[in-house]
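For reference, the structure discussed in these notes is given below.
The basis for the numbers below is simple: all heavy atoms, side chains too, and nothing from hydrogens, waters or symmetry mates. What you see is a predicted model, and the numbers here were worked out from it, not measured in a lab.
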Amino acid sequence: MPRFTPEQVRRRQIVAGSLALLLVLVIGGCSVSVIRGLGGGGQEAAKSDPAPFAADDAAMEVAATSTDAAALENLPAETTLAPDEVMGIDVSAHQEEIDWAAVASDGYGFAYIKATEGAGFVDSRFQENWDGAQAAGVVPGAYHYFTLCSSGADQAQDFLAAAPPDDSALPPALDLEFDGACEERPGAVDAQAEVDAFTAIVEEAWGRRLLIYSSSEWRDHYGLPVTDSRPDWLFSAGSRPKQGDWAVWQLRFDGTVSGVSGGVDIDVARIEVLREHSAIPDGEGAIGHEVEEKS
């Protein structure tokens, strides 16, 4: 059996200790990596996870329409804006390229912009219009054109991908009409179930109730229970809507607006009504409806 000097023994002890420490560090590092992997990334993943969106109603602000704004020329004769009313427009790719600075100079303070239609279709100018409106100081809101050829859940996911929650925007809007590529006419129970699926998903994400627009054909065929507890967007040519609690009033389809070629949909919004009716009370979630088939 070999014998070692005290100096040799001391050196061997130092080397052994260093190797042991290195082994502990390696094993420890591997363990942390495994734990992080099993836990979905630990703190690193947690830092990248977005916080749940919480709507701030106070952020919903639109500049008042000046008393000399060119936009006022589109109002019906003998009609003036009330103190809480502001002028706006709604547009889609149909209007082609829009000069949003010119729109703003006419006194329009907001714009509802088409984002999606059905499932799998994003308006080709949505992002361009959204960015242009914001840059010009026109407050945007996104709307979805609903169809009965795809599920409400699929349509909701596509809408949210195109128009994620944004506190600087107006509440999202849902457009219920029969015009378009889809010719399906399911029964009232099935149709309302798909509409309810859409509203539940979008409202949970945005933290606000949807603004609802509908054609007379849709109302005649299905009724409109979806407007219960939600803000209304109503069309009325020549005079204010007869329904007194409207949030947005569409007054014409053929308005003249600087920066937009051709006729434009002209709207008036009551921001306080829109804010109040789109708020979701604490503890109140999705709204469902029971409807009966028409005989």
Under the 3.5 angstrom rule, does the side chain of [X] hit a backbone N or O of [Y] as a donor-acceptor pair?
| X | Y | result |
| --- | --- | --- |
| S278 | P171 | no |
| R275 | M60 | yes |
| D123 | S92 | no |
| W249 | P241 | no |
| E117 | T147 | no |

For the ring pair F235 and F253, is the centre-to-centre distance below 6.0 Å?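 Ring centroids of F235 and F253 are less than 6.0 Å from each other.
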
If I take atom [atom1] from residue [X] and atom [atom2] from residue [Y], how far apart are they, to the nearest 0.5 angstrom?
| X | Y | atom1 | atom2 | answer |
| --- | --- | --- | --- | --- |
| I266 | I89 | CD1 | CD1 | 6.5 Å |
| L234 | Y213 | CG | OH | 9.0 Å |
| S215 | D175 | OG | CG | 8.0 Å |
| W206 | I201 | CH2 | CD1 | 15.5 Å |
| T199 | I212 | OG1 | CD1 | 7.0 Å |
| S66 | L81 | OG | CG | 10.0 Å |

Pairing donors with acceptors under 3.5 angstrom, does anything connect the side chains of E96 and S261?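 No, because no side-chain N or O of E96 sits under 3.5 Å from a partner of the opposite role on S261.
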
List the steps and the verdict of side-chain contact (heavy atoms from CB on, under 4.5 Å) for Q192 and V226. CA-CA 8 Å; Q192 188 58 54; V226 70; 4.0 Å; yes

Are [X] and [Y] close enough that some pair of their side-chain heavy atoms sits under 4.5 Å apart?
| X | Y | answer |
| --- | --- | --- |
| D158 | L160 | no |
| W233 | D267 | yes |
| V264 | V103 | no |
| V268 | M87 | yes |
| D179 | Y145 | yes |
| T80 | E85 | no |
| E203 | L210 | yes |
| D190 | E184 | no |

Are [Y] and [X] co-members of a hydrophobic cluster defined by side-chain heavy atoms under 4.5 Å apart?
| X | Y | answer |
| --- | --- | --- |
| V138 | V248 | no |
| V273 | L224 | no |
| L211 | L170 | yes |
| V257 | L75 | yes |
| I98 | Y112 | no |

Return each pair, listed once, that meets side chain to side chain donor-acceptor pair (under 3.5 Å) where at least one residue sits in residues 100-110; pairs must be two or more places apart or across chains.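 Of all non-adjacent pairs touching residues 100-110, those that pass side chain to side chain donor-acceptor pair (under 3.5 Å) are N74-Y108, W100-N129, D106-S258.
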
Looking only at heavy atoms, what is the nearest atom pair of [X] and [Y], with distance?
| X | Y | value |
| --- | --- | --- |
| S239 | S236 | O-OG, 2.7 Å |
| S150 | Q155 | O-NE2, 3.0 Å |
| Y222 | R185 | OH-C, 3.5 Å |
| I113 | P140 | CD1-CB, 4.0 Å |
| V86 | F110 | O-CE2, 3.5 Å |
| G207 | I280 | C-CD1, 3.7 Å |

Would you call D254 and R252 a salt bridge, using N to O less than 4.0 angstrom?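 Looking at D254 and R252, the cut-off is met.
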
When you check the gap from the basic side-chain N to the acidic O, do R209 and D228 get nearer than 4.0 Å?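 D228 and R209: not salt-bridged.
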
Flag yes if more than 12 heavy atoms outside E284 fall under 6.0 Å of its CD atom; otherwise flag no.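 Atom CD in E284 is crowded, with more than 12 foreign heavy atoms closer than 6.0 Å.
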
I'd like to know whether CD of E128 has more than 12 heavy-atom contacts from other residues, nucleotides or ligands below 6.0 angstrom.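 Count over threshold, so yes.
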
Using the six-membered ring wherever Trp is involved, compare the ring planes of F126 and W130 and label them parallel, tilted or perpendicular (cut-offs 30° and 60°).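 The arrangement is tilted - the two ring planes meet at 30° to 60°.
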
Which label fits W218 and F178: parallel for a plane angle under 30°, tilted from 30 to 60°, or perpendicular past 60°?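 The rings of W218 and F178 sit tilted, inter-plane angle from 30° to 60°.
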
Determine whether R219 and T227 satisfy the following criterion, side-chain contact (heavy atoms from CB on, under 4.5 Å), listing intermediate values before the conclusion. CA-CA 11 Å; R219 294 192 297 275; T227 59; over 6 Å; no

Applying the side chain to side chain donor-acceptor pair (under 3.5 Å) criterion to D90, which one of K114, Q250, Q95 satisfies it?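 When K114, Q250, Q95 are each tested with D90, the side chain to side chain donor-acceptor pair (under 3.5 Å) holds only for Q250.
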
Report the C-alpha distance between D245 and H277 in whole Å, list the side-chain angles of each, state the deciding distance to 0.1 Å, and finish with yes or no for side-chain contact (heavy atoms from CB on, under 4.5 Å). CA-CA 9 Å; D245 63 347; H277 289 196; 4.0 Å; yes

Take L174 and V195 through the side-chain contact (heavy atoms from CB on, under 4.5 Å) test and state the conclusion after the steps. CA-CA 9 Å; L174 177 61; V195 172; 4.1 Å; yes

